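This report concerns only the one structure given below.
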2 protein chains.
Amino acid sequence: MDWSIQEIAKIAGTTSRTLRHYDDIGLLKPSRTGPSGYRYYDGPALVQLQRIILLRELGLGLPAIAEVLGRETDTIKALTSHLEWLAREQDRLTRQIASVRQTIDTMKGDGQYMAQNMFDGFDHTQYKDEVEEHWGKEAYAASDSWWRGMSAEEQQQWKDRMQKLGADWISAADSGVSPASAEAQDLARRHVEWLRGIPGTPSAVPGGDVKGYVTGLGEMYVADPRFAANYGGESGATFVRDALRVYAEKNL
Amino acid sequence: MDWSIQEIAKIAGTTSRTLRHYDDIGLLKPSRTGPSGYRYYDGPALVQLQRIILLRELGLGLPAIAEVLGRETDTIKALTSHLEWLAREQDRLTRQIASVRQTIDTMKGDGQYMAQNMFDGFDHTQYKDEVEEHWGKEAYAASDSWWRGMSAEEQQQWKDRMQKLGADWISAADSGVSPASAEAQDLARRHVEWLRGIPGTPSAVPGGDVKGYVTGLGEMYVADPRFAANYGGESGATFVRDALRVYAEKNL
DNA sequence: ATAGAGGTTGACGTTACGTCAAGGTCAAGA
DNA sequence: TCTTGACCTTGACGTAACGTCAACCTCTAT
């Protein structure tokens with residue numbers, strides 16, 4: 001007694017296409033094949049199929065299932081390592097959700113965001129990976145220990161200075177002057193001086209590529225809304241970038 | 001002043017292949033193309049690229065990013081709906097992790113598992129979706145309200161009865177008798193009677209396909225380790241299935 | 001015999017690129 | 001000027017697990 005492909009598909013709650021796929025990759029062969037090529041499945045095949053479906057619902061990949069079915073791997077081992085993978089995925093998702101929320105808040109113009117961040121718009125712990133990737137691990141470690149080494153008051157002073165600079169940039173951009181104007185260039189000078197105060201960055205080490213660093217940073221201000229928010233949005237960030245570029249070409 | 005494909009790739013922290021891909025799908029065209037077909041990118045292109053990369057890191061798909069860049073969709077809207085998707089994914093992962101943990105515990109032979117479960121090896125709330133899919137929504141609703149309607153004592157009695165049945169099956173299987181033997185057939189009779197006590201199942205309604213239900217259930221016992229655990233593992237479950245099949249053929 | 005349900009083997013589509021492969025192009029030194 | 005090595009180009013396949021036609025054959029009941 002056996003069933004046609006659609007019959008077991010219904011019994012097991014799957015589709016005939018899936019059965020053919022499993023046949024193609026050798027995961028589950030029909031117990032019998034008719035002279036016309038029709039596939040037929042019997043009881044033991046149904047059991048295997050249900051086992052496969054159960055493991056699939058748990059998220060295991062077909063190769064892993066094949067190993068389990070082939071007795072090459074213990075089911076418990078397979079599920080345990082799968083569980084680790086799931087946990088990592090969950091962790092990644094959680095981080096990503098936090099990042100997306102942050103970005104949305106920033107773009108909504110949440111005023112608190114700026115006050116809560118430092119290190120040129122970034123909270124180190126939040127954006128550790130990002131900072132490391134862009135400026136190197138040493139840069140992150142250096143600026144991190146520098147930041148932690150400051151007292152709360154010093155940190156507050158630093159934040160205030162940053163806010164002041166941001167506010168001045170915004171008003172300069174709003175006033176309609178050119179990025180090459182004396183006012184803007186003075187702000188650029190202040191900005192670079194300020195950057196020199198952050199250890200680990202090229203602007204703080206002798207012989208560092210200050211020019212490249214500053215212009216690159218300008219591009220980043222424009223591209224990343226989280227930075228741009230510190231300078232009044234994209235238009236403001238564009239102004240800052242242009243002013244920095246002019247300044248870097250002339251003086252660095 | 002512009003950069004070659006590898007240069008911006010490095011600046012932005014991506015690969016030239018990615019750049020070509022973005023060109024192919026029209027997401028980011030080079031600002032200039034040399035007579036030899038070489039791609040060159042300028043400042044604005046770099047800004048766009050960095051924006052793309054930022055959104056990609058947040059998990060947005062390329063079509064969604066294209067919409068945002070094409071001003072067809074608000075970035076905040078795109079991120080908000082993306083956030084919903086992320087939340088659903090996280091939820092799914094959480095459920096899957098719980099299922100995998102359960103399965104592992106069961107297969108490790110955790111004795112508590114059986115005692116904590118009911119409804120023929122299933123905890124309804126845990127396996128709501130599974131039960132609904134296999135036996136229908138009405139079946140779940142009916143048995144759920146039936147179970148909730150019982151007092152704690154009645155629930156305990158039910159569990160005890162189930163445990164007794166499971167234990168008897170295991171000892172019968174261990175004794176080496178045939179599934180068609182009188183002992184096994186008597187257990188099968190008890191099993192079916194017991195099933196008739198669960199409302200909403202085909203075995204409880206007049207005219208229900210009791211035979212199909214019972215044999216199908218037998219297959220499930222073998223295929224699903226969470227069920228099989230109630231009958232001493234796969235070999236025990238196989239014995240139960242065979243006995244039930246014989247019984248169903250003869251009497252249902 | 002015939003219709004209609006059901007089965008078979010391709011083969012493309014999906015996501016965002018990684019990874020060859022085969023063959024032009026560019027910049028710099030001999 | 002020629003050569004060489006680094007860099008660029010356009011295909012095209014692979015990835016996970018099937019969904020979805022398309023073109024054509026088979027089974028079953030009337």
Side-chain angles (χ1 to χ4, degrees), chain A residues 2-41 45 48-49 51-69 78 82 85-86 89 92-93 96, chain B residues 2-41 45 48-49 51-69 78 82 85-86 89 92-93 96:
Chain A
D2 48 17
W3 302 281
S4 73
I5 194 166
Q6 289 234 16
E7 285 167 351
I8 23 146
K10 270 179 200 157
I11 292 172
T14 184
T15 70
S16 59
R17 176 67 179 88
T18 298
L19 270 297
R20 280 186 213 103
H21 182 58
Y22 291 167
D23 187 5
D24 287 346
I25 65 175
L27 181 58
L28 181 66
K29 296 285 182 190
S31 54
R32 183 169 72 82
T33 305
S36 60
Y38 278 30
R39 296 173 175 83
Y40 297 96
Y41 298 80
Q48 284 286 74
L49 176 56
R51 232 199 284 265
I52 292 169
I53 291 175
L54 172 69
L55 293 174
R56 274 262 57 208
E57 286 171 355
L58 294 177
L60 256 79
L62 298 187
I65 294 176
E67 278 190 10
V68 170
L69 263 58
H82 178 52
W85 150 263
L86 286 174
E89 275 297 293
R92 197 177 58 77
L93 261 185
Q96 208 168 55
Chain B
D2 49 15
W3 302 281
S4 73
I5 194 166
Q6 287 233 16
E7 285 167 351
I8 26 146
K10 270 178 201 159
I11 293 172
T14 184
T15 68
S16 58
R17 176 66 179 89
T18 299
L19 270 298
R20 279 186 215 105
H21 183 57
Y22 290 167
D23 187 6
D24 287 346
I25 65 175
L27 181 58
L28 181 67
K29 296 285 182 189
S31 54
R32 183 168 73 80
T33 305
S36 61
Y38 278 29
R39 296 173 176 83
Y40 297 95
Y41 298 80
Q48 283 287 74
L49 176 57
R51 233 199 284 266
I52 292 169
I53 291 175
L54 173 68
L55 294 173
R56 274 260 59 208
E57 285 170 356
L58 295 177
L60 256 80
L62 297 187
I65 293 176
E67 278 191 10
V68 170
L69 263 59
H82 178 52
W85 151 264
L86 286 174
E89 275 297 294
R92 197 177 59 78
L93 261 185
Q96 208 169 54

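The structure displayed is predicted, hence computed values, not measured ones. Letters A, B, ... mirror the listed sequences (proteins, then strands); counts begin at 1. The figures here come from the full heavy-atom set of this structure, side chains too, leaving out hydrogens, waters and symmetry mates.
Using a 4.0 Å heavy-atom distance criterion, A:I25 is classed as making no nucleic acid contact. A:S4 comes within 4.0 angstrom of the backbone, heavy atoms only, and of no base. Nucleic acid contact for B:R39: sugar-phosphate only, since backbone atoms but no base atoms lie under 4.0 Å from a heavy atom of the residue.
Atom CG in B:L60 sits 12.0 Å away from atom CH2 in B:W85 (nearest 0.5 Å). Between the CG atom of B:L49 and the CD1 atom of B:I8 there is a distance of 6.0 Å, given to the nearest 0.5 Å. Atom CD in A:E7 sits 11.0 Å away from atom CD1 in A:I5 (nearest 0.5 Å). Between A:Q48 atom CD and A:L69 atom CG the span is 4.0 Å, to the nearest 0.5 Å. A distance of 6.0 Å separates CZ of A:R56 from CD1 of A:I65, quoted to the nearest 0.5 Å.
Residues from residues 27-34 of chain B placing a heavy atom under 4.0 Å of any atom in DNA chain D do not occur.
As a whole-Å value, the separation of A:D24 CG from C:dT9 P is 7 Å. Nucleotide D:dA6 holds its C1' atom 10 Å from the NZ atom of B:K10, rounded to whole Å. Separating the CD atom of B:Q6 from the P atom of D:dG5 is a distance of 18 Å, rounded to the nearest angstrom. In this structure, the CG atom of B:D23 is 14 Å from the C1' atom of C:dC17, given to the nearest Å. Rounded to whole Å, atom P of C:dT25 lies 17 Å from atom CD1 of B:I5. Between A:Y41 atom OH and C:dG7 atom P the separation is 10 Å, expressed in whole Å.
Residue B:R20 has a polar side-chain atom (N or O) positioned under 4.0 Å from OP1 or OP2 of D:dT9.
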B/S/- contact track for nucleotides 13-30 of chain D, protein heavy atom under 4.0 Å:
----BBBB-----BS---
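Applying the side chain to side chain donor-acceptor pair (under 3.5 Å) rule to B:E67 yields the partners B:T73; only residues at least two apart in sequence or on another chain are considered.
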Kindly list each side-chain donor-acceptor pair under 3.5 angstrom involving residues 11-18 of chain A, sequence neighbours excluded, with atom names and distances?
residue	atom	partner	partner atom	Å
A:T15	OG1	A:T18	N	3.2
A:T15	OG1	A:T18	OG1	2.9

Under 3.5 Å, which donor-acceptor pairs do the side chains of residues 20-35 of chain B form with other protein atoms, sequence neighbours left out?
residue	atom	partner	partner atom	Å
B:D23	OD1	B:K29	NZ	3.2
B:D23	OD2	B:R39	NE	2.8
B:K29	NZ	B:D23	O	3.1
B:S31	OG	B:Y40	O	3.0
B:S31	OG	B:D42	N	3.0
B:R32	NE	B:D2	OD2	2.9
B:R32	NH2	B:D2	OD2	3.3

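Listed for the A:H82 side chain is no donor-acceptor partner under 3.5 Å among the backbone atoms of A:A64. Judged by distance alone, the side chain of B:Q96 and the main-chain N or O of A:E57 form a donor-acceptor pair under 3.5 Å.
In the helix from C:dA1-D:dT30 to C:dA30-D:dT1, the rotation axis of the first five pairs and that of the last five pairs differ in direction by 40°, rounded to 10 degrees.
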